[in-house]
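Residue numbers begin at 1 in each chain, while the letters A, B, ... track the order of the sequences. Any value given below was found using the heavy atoms of this structure, including those in side chains, with hydrogens, waters and symmetry copies removed. Everything numeric in this text was worked out from a predicted model, so none of it was measured.
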Protein chains: 2
Amino acid sequence: MTVDQATVRLPLSRDRIVSAAVELADAQGIEALSMRKLGQALGVEAMSLYNHVEDKDDILSGMVDWLFAQIGPLDGTADWKVAVRHVAVRAKDVFTAHAWTLPLISAQGIAGPAAFGLMDSVLARLLAAGYPTHLVLHAWHVIASHVMGYSFQETTSVWASDEALDRKKRALLEGYAERFPHVSALAEELMACSFVEEFEFGLDIILSGIEAARDTT
Amino acid sequence: MTVDQATVRLPLSRDRIVSAAVELADAQGIEALSMRKLGQALGVEAMSLYNHVEDKDDILSGMVDWLFAQIGPLDGTADWKVAVRHVAVRAKDVFTAHAWTLPLISAQGIAGPAAFGLMDSVLARLLAAGYPTHLVLHAWHVIASHVMGYSFQETTSVWASDEALDRKKRALLEGYAERFPHVSALAEELMACSFVEEFEFGLDIILSGIEAARDTT
DNA sequence: ACCTGAACACCGTTCAAGT
DNA sequence: ACCTGAACACCGTTCAAGT
């Protein structure tokens, strides 16, 4: 009831800090994420963050696990192939929605609880579908590669969008035109190609391939 | 013949700077690569580098293209599948040999002449093998995803090596044991698994899959 | 043409001091 | 228990000054 309440700040916590970091990185890019700016966004001095978080790496790891939490669990679809397909598509959507995903994962690695939870549920599903353990690992790694590799390309592609092609890059591509005839012949198609369709094309090849491997051993 | 000659320095150049940067990043890690340390390694002040290089990003882009130059061209093997398989394996070997590959590519993108040259030769080969253009792009993206995704996992895996598992991570994994039963049941196999074998398992599934797609359309 | 020293505007992090 | 100000050891980059 007092006026004070309006200005009372939420207490800081690791979760609140990680969320603020995600917002800041989404809005201004990962290279703009500094302890000082993050503190400012939370209405606090940078040094206060160290009361709730080990160091900056700890925040970045928290952001990586936040991504995996966004993907959500495997759904209960009866067919393992359909369920795995769904979760792969969702993972790719989350990863490509945040441009800082790949730089961060490649710097921090993946070792948080949400990531392990997702992995655990997929492994369980494959085991239940009759895969021998060595094939479970093969399948997991091949699927994860596809998801991360594709997100990677979609995020870093030179062809990604007309918008992102600044003059410098455009000049570069024009200069390359006669040196790399096949690339430039396909350049228009490269810019127009649907990453969604391509991702699912590859995913289906992989899912059918590992299923065939299961059924022939 | 004079004593002076022994102390004459090679003139600086973009190539020499990029090579020195590669050496420094290999030896001390990418986060240790600063303009000041790089200058020191070349026997020069940091500010001199700016006479031969636009800025630090320019050096990092040069390092990315250096990687693609290491992979070398598509060989002339008659069978396109064999030739593409070879180059994919070589690419993965180069990428995983330098821990800074993925962080750098994910931050810088891929837009150098060596990278375009490799892409051009693969596209040419697939066109010659009778792929329609839309399938060429699908094939390229799926193969590139597999190479980068796998290099990515091999580089960032928590399971990568006993050596790399510091006490902190080990404690984390032990704490997760009962929460993630399938992961921990497979942990030993995960640590022992051969990334080479798995990479080629997936690669063969993909190559056969795109070939089948070509032959049914 | 190339190199340098000093300076600027930033970093992450520590620590003693405050409440 | 939590927050802060000052400080330390770094960054990338600019620019006037030297040769």
B:Arg16 CZ to C:dC2 P, straight-line distance once rounded to whole Å: 14 Å
Of the listed nucleotides D:dT13, D:dC11, D:dT4, the one nearest the side chain of A:Ser48: D:dT4
B:Phe180 and B:Tyr176 aromatic centres sub-6.0 Å: yes
side-chain N/O B:Lys37 vs D:dC11 OP1/OP2, d < 4.0 Å: yes
Base-paired stems in DNA chain C, each at least three Watson-Crick or G-U pairs under 3.5 Å: C:4-8 with D:12-16, C:12-16 with D:4-8
B:His52 side-chain proximity, nearest of C:dC2, C:dG12, D:dT13: C:dC2
Sidechain N-carboxylate O distance under 4.0 Å for A:Asp58, A:Arg14: yes
Heavy-atom donor-acceptor pair, B:Thr155 side chain to B:Ser151 backbone, under 3.5 Å: yes
Protein-nucleotide distance (A:Gln40, atom CD; C:dC11, atom C1'), rounded to Å: 15 Å
Residue A:Val44, side-chain atoms from C-beta onward, closest of D:dC11, D:dT4, C:dT4: D:dT4
Rounded distance in Å - CE (A:Met35) to C1' (D:dC8): 17 Å
Rounded distance in Å - CG (A:Asp57) to P (C:dC11): 17 Å
Distance-only donor-acceptor check, side chains A:Trp100 and A:Asp26, under 3.5 Å: yes
Atom-pair distance (CD1 on B:Ile30; P on D:dC11), nearest Å: 13 Å
Gap between atoms CD and P, on A:Gln28 and C:dC11 respectively (whole Å): 11 Å
Residue B:Met47, side-chain heavy atoms: nucleotide from C:dT13, C:dC3, D:dC15 that is nearest: D:dC15
Distance-only polar pair, side chains of A:Asp75 and A:Thr77, donor-acceptor under 3.5 Å: yes
A:Glu188 atom CD, over 12 foreign heavy atoms within 6.0 Å: no
Which nucleotide in D:dC11, D:dA7, D:dC3 has an atom nearest any side-chain atom of B:Arg36: D:dC11
Separation of atom CG in A:Leu38 from atom P in C:dC10, rounded to whole Å: 17 Å
Minimum side-chain heavy-atom gap A:Leu203-A:His146 below 4.5 Å: yes
Sugar-phosphate, base or nothing in reach of B:Ile59, heavy atoms under 4.0 Å: nothing
Spacing between B:Glu45 atom CD and C:dC3 atom P, to the nearest angstrom: 11 Å
